[in-house]
Amino acid sequence: MPTVRIATWNVNSLHARLPRLEEWLGIARPDVVCLQETKCGDDSFPTMAFTTLGYEAVHHGEGRWNGVAILSRVGIDAVVDGFADGGESDGEARLLTATCGGVRVATTYVPNGREVGHEQWHRKLGWLRRLRDHLDAVASPDDDVVLCGDFNVAPDDRDVWDPQRCHGGTHVSPEEREALAHVLGWGLVDTLRVRHPDDALYTWWDYQAGAFHKHWGMRIDLLLASRSLSDRLEWVLVDRNARKGTKPSDHAPFVAQFGPG
DNA sequence: ATGGTCGAGTATCGA
């Protein structure tokens with residue numbers, strides 16, 4: 001397998017972000033791009049914009065909320081919308097799986113949870129448990145596998161500017177972190193931490209109160225890779241430049257490059 | 001630029 005560069009980005013509305021995304025694809029030149037929060041229906045997904053740039057695309061859209069997509073210039077096969085664990089659909093567009101250039105790629109937008117103890121928070125925990133069952137259904141830990149997206153969980157206190165000031169405790173609660181660790185326990189490595197064991201690197205900053213410039217952020221966008229891939233990890237990047245300028249998403253893209261194998 | 005979120009969609013909710 002040749003070198004492959006894979007990116008994940010919560011764009012917070014694909015239509016609102018399309019100019020920034022098109023610009024960024026030309027700069028970052030990823031082979032595979034996973035998008036979350038497209039907030040558009042399949043009928044308004046801008047396929048041609050990506051074709052023009054050399055990318056095939058698949059989209060699992062819903063309309064007003066959620067929505068996930070995979071763009072690839074190394075092929076897209078074996079596409080699965082949502083959970084493949086044999087259970088019922090959860091009714092929201094938060095998970096999409098495809099094989100791109102020999103890598104089994106799954107991208108996810110994990111429910112936010114709202115508040116610790118909220119009905120939606122319990123749903124979030126169940127959703128993360130189900131995510132591991134989904135991996136069992138679509139891949140083997142011995143394969144080249146990437147699971148990436150907006151997990152809405154900061155794995156560790158290193159991953160937040162202030163653990164006491166996050167969302168009334170969501171994103172940092174022990175229960176959420178355990179649920180995320182259970183997903184990693186399937187056989188995945190948090191690629192950013194391979195290269196940056198202790199750095200305070202965030203991927204999301206609130207639009208409000210100048211949070212980005214104050215470094216009030218969290219690392220909730222992750223790119224997890226199976227061992228066969230993580231052994232070939234060459235570099236990773238949180239592209240903070242994409243969080244600056246005109247009409248940015250509140251998330252920065254994260255990129256990981258894997259060498260030939 | 002003396003305030004200070006954004007997006008969808010058009011009132012208000014979700015993040």
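Here is the naming used below: chain letters follow the sequence lines, and residue numbers restart at 1 for every chain.
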For this session: Determine yes or no for a side-chain-to-main-chain donor-acceptor pair under 3.5 angstrom, with A:Gln36 supplying the side chain and A:Asn10 the backbone.
Result: yes

Problem set entry | A:His15 NE2 to B:dA8 P, straight-line distance once rounded to whole Å | 8 Å

Problem set entry | Residues A:Asp162 and A:Trp216: side-chain donor-acceptor under 3.5 angstrom | no

Problem set entry | d(NE2, A:His171; P, B:dA15) in whole Å | 9 Å

Problem set entry | Main-chain N/O of A:Asp143 paired to A:Arg227 side chain as donor or acceptor, under 3.5 Å | no

For this session: Starting from P on B:dA15, measure out to CE on A:Met218 and report it in whole angstrom.
Result: 13 Å

Problem set entry | 5' priority, DNA chain B, between A:Ala16 and A:Asp250 [closest heavy atom] | A:Ala16

For this session: Starting at atom CD of A:Glu115, determine the distance to atom P of B:dA15, rounded to an integer number of angstrom.
Result: 12 Å

Exercise. For B:dG7, does OP1 or OP2 lie under 4.0 Å from any side-chain N or O of A:Lys247?
Worked result: yes

Seminar exercise, completed: Rounded to whole Å, CZ of A:Arg20 lies from P of B:dG7 at a distance of 11 Å

Exercise. Any idea which of B:dG14, B:dA15, B:dG9 is nearest the A:Arg64 side chain?
Worked result: B:dG9

For this session: Take atom C1' in B:dC6 and the same atom in B:dT2, then report the distance between them in whole Å.
Result: 22 Å

Problem set entry | Residue pair A:Lys39 / A:Asn12, side-chain donor-acceptor N/O under 3.5 Å | yes

Seminar exercise, completed: Between A:Tyr207 and A:Thr38, the residue closer to the 5' end of DNA chain B by nearest nucleotide is A:Tyr207

For this session: Would you kindly give the CG-to-C1' distance between A:Asn10 and B:dG14, to the nearest whole Å?
Result: 13 Å

For this session: Between B:dG4 and B:dG9, how far apart are the C1' atoms? Round to whole Å, please.
Result: 23 Å

Exercise. With respect to the phosphate group of B:dA15, does any side-chain polar atom (N or O) of A:Arg114 fall under 4.0 Å of OP1 or OP2?
Worked result: yes

For this session: Quote, to the nearest angstrom, the P distance that separates B:dG3 from B:dG7.
Result: 23 Å

Problem set entry | Whole angstrom value for the distance that separates C1' of B:dG4 from CG of A:Asp206 | 12 Å

For this session: Give one of base, sugar-phosphate or nothing for A:Tyr109, where a contact means two heavy atoms less than 4.0 Å apart.
Result: sugar-phosphate

For this session: Scan A:Tyr109, A:Trp24, A:Trp204 and name whichever one has a ring pair (Phe, Tyr, Trp, His ring centres under 6.0 Å) with A:Trp9.
Result: A:Trp24

Problem set entry | Integer-rounded Å distance: B:dA15 P and A:Lys39 NZ | 9 Å

